[in-house]
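Remarks on the structure that follows.
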Amino acid sequence: MAGTSSQSSQRRTAQREGARPVWSRDFALFFVARAVARLGDTMLPVALAAGLLQHGYGAGAVGLAMAATAAAFAGLVVFGGVLADRFSTRKLMIGADLVRLGTQALAAALFFSGHVVLWQICAIGFVNGVAGAVFQPGVASTVPRLASDIQGANGAIRVAESAAQLAGPAVAGLLVGFASPGGVFAAHAATYAVSALCLVLLRLPPSPAPASRAAGRGSKAFRADLVEGWREFRSRTWLWGVIAVWCIYMIAVWGPTVPLVATEVVQQHGPRAYGLVNSALGAGTVVGGLLALRLRPRRMLRAGAIALFGFAAFPASVGAGLDVPVMAAGAAVAGAGMSFWGVMWATSVQTQVPADVLNRIHAYDVAGSLAMMPVGQALAGPAASALGADHVLLVAGAMSFVVCTALLAIPAVRDLVRADTTPSGPGRTTPSTRTHAEHT
């Protein structure tokens with residue numbers, strides 16, 4: 001009875017303060033937009049691989065087409081953050097979705113017609129990467145404007161994206177089998193249409209006052225906004241400290257794990273076993289998102305880093321040559337740890353950073369997080385040739401422990417206290433007031 005009374009009191013307090021629950025009409029629209037878009041994105045690698053191989057291209061061409069998108073995204077996402085802080089994030093995201101609707105419809109037409117030229121596919125991928133760089137920064141600032149329970153919102157979105165990621169390759173495989181690669185591209189284009197429609201119907205509260213935005217619209221103002229975003233990013237030790245450690249994580253853990261696990265499992269146990277392990281990883285990310293919906297640690301990054309220790313089970317179990325069920329269990333534990341960390345990290349950024357620079361800082365976060373992943377992937381092959389893939393995976397498992405220990409060794413990361421949000425005007429929340437010392 002005491003617990004029920006306490007919960008009722010909390011609900012009444014939230015209603016008096018104007019707090020918005022997680023599930024509302026507008027959050028549901030954003031939730032669907034993110035889930036459907038992720039479903040389409042996870043279908044794309046299957047479509048590219050099947051389509052290009054079918055038209056006589058090799059694995060190198062598939063990698064080049066994917067790299068065109070990744071390079072454009074990683075190189076331009078910081079500039080996308082400046083645009084998102086200067087203009088309407090919703091309109092930018094709708095525009096990005098409509099651009100990708102057009103490019104993927106064009107790709108579908110090329111594959112249906114049988115006229116597939118690699119440079120055209122790469123050009124389409126590059127445009128998609130540019131559109132993604134414009135779209136992604138706005139995601140960070142949209143969540144706090146839709147729900148007061150930012151952690152709950154991030155957890156729900158993570159569960160949806162994880163489920164979509166689990167289903168996407170299977171759906172793409174069925175479409176390739178029963179239709180053609182062009183059918184997958186057409187379906188991918190349709191996911192952007194659904195996402196754009198949801199965003200058109202979305203009603204966002206007013207954006208925060210641009211306290212730190214440079215006046216004007218010229219290149220000088222744009223550069224000033226870029227510099228201001230970097231200054232805000234650099235002023236928070238917990239923020240740049242995590243990104244610095246994450247660069248090591250991408251080189252030594254994630255980068256080699258993804259390609260080498262696929263190679264080892266397929267060679268030793270066959271593609272069905274790899275499908276099982278990959279599905280277990282996806283199921284684990286769903287579990288991690290559900291846990292993030294329930295658990296509310298006071299020191300979120302500390303809890304996330306502890307959960308991230310579980311990722312070591314994935315590369316280590318494969319590197320040790322364990323049985324497929326054990327590898328699948330290790331993948332599930334890894335997925336849960338990674339997913340829980342992701343929610344803790346996203347929520348920390350969205351609640352600790354001032355709303356008027358959040359898009360720019362999120363862009364620096366994304367760019368820094370992804371910058372070293374291609375390096376790790378590129379080094380995986382030479383390292384496997386020199387040491388053996390199994391040894392590289394065992395080292396990746398050990399480095400996962402090193403990285404998590406490094407995160408916990410940084411006081412600004414370990415001791416960062418969660419920032420509760422309070423309404424700051426009609427339909428808007430901003431991080432609660434904190435001293436500069438708490439940020440750094």
Side-chain angles (χ1 to χ4, degrees), residues 22 30-31 34-35 37-39 41-42 73 77 132 136-137 139-144 147 149-166 168 238-239 241-250 253-255 257-258 278 280-297 299-314 331-353 358 361-373 400 403-404 406-408 413 416 418-419:
V22 169
F30 188 68
F31 177 89
R34 297 305 305 137
R38 179 55 62 90
L39 178 68
D41 290 343
T42 56
F73 179 83
V77 69
Q136 183 60 38
V139 173
S141 62
T142 300
V143 173
D149 182 4
I150 297 176
Q151 181 183 333
N154 282 319
I157 290 173
R158 179 57 62 102
V159 170
E161 290 181 341
S162 299
Q165 190 165 351
L166 190 60
W238 63 270
L239 188 60
V242 168
I243 297 303
V245 172
W246 210 250
C247 289
I248 301 173
Y249 186 84
M250 284 295 170
V253 183
W254 184 258
T257 293
V258 174
N278 217 31
L281 180 67
T285 60
V286 173
V287 172
L290 292 172
L291 288 174
L293 281 169
R294 302 286 299 175
L295 304 179
R296 305 285 169 145
R299 290 178 170 81
M300 302 179 71
L301 296 184
R302 179 188 296 184
I306 292 172
L308 196 59
F309 275 104
F311 189 83
F314 188 29
V333 172
M338 177 68 81
S339 181
F340 187 82
W341 159 263
V343 174
M344 297 298 106
W345 171 246
T347 304
S348 295
V349 172
Q350 291 164 357
T351 56
Q352 299 279 352
V353 173
L358 179 55
I361 285 189
H362 176 62
Y364 277 112
D365 164 25
V366 172
S369 298
L370 296 179
M372 292 296 107
M373 183 170 66
S400 185
V403 165
C404 296
L407 289 173
L408 294 172
V413 175
L416 185 72
R418 69 181 300 133

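Just so you know, these numbers come straight off a predicted model, no measurement behind them.
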Have a look at F340 and tell me which of L291, I306, L308, V287 forms a side-chain contact (heavy atoms from CB on, under 4.5 Å) with it. L291
A side-chain contact here means heavy atoms from C-beta on lying under 4.5 Å apart; do F30 and V139 qualify? yes
So, taking the atom named CD in Q136 and the one named CZ in F73, what distance separates them when rounded to the nearest 0.5 Å? 5.0 Å
Which atom of L408 lies closest to which atom of A305, heavy atoms considered: CD2-CB, 3.7 Å
Less than 4.0 angstrom from a charged side-chain N to a carboxylate O is my criterion; do D41 and R34 meet it? no
L301 and M344 have their tightest heavy-atom pair at CD2-O, 4.1 Å
Between W341 and F311, does the ring pair (Phe, Tyr, Trp, His ring centres under 6.0 Å) criterion hold? Intermediate values first, please. CA-CA 10 Å; W341 159 263; F311 189 83; over 10 Å; no
Have T285 and S162 got a donor and an acceptor in their side chains that come within less than 3.5 Å? yes
In terms of side-chain heavy atoms, does Q151 have a donor or acceptor partner in R418 at a distance below 3.5 Å? yes
To the nearest 0.5 Å, atom CD1 of I243 lies from atom CD1 of I248 at 12.0 Å
Restricting to non-hydrogen atoms, name the atom on S339 and the atom on R158 that form the minimum distance, rounded to 0.1 Å. OG-CG, 3.0 Å
T42 side chain to L39 backbone, donor-acceptor under 3.5 Å: yes
Closest approach of V286 and V159, non-hydrogen atoms and distance? O-CG2, 3.8 Å
Using 30° and 60° as the class limits, which term best fits the ring planes of Y249 and W246: parallel, tilted or perpendicular? parallel
Heavy-atom closest contact (A331 atom, L281 atom, distance): O-CD1, 3.3 Å
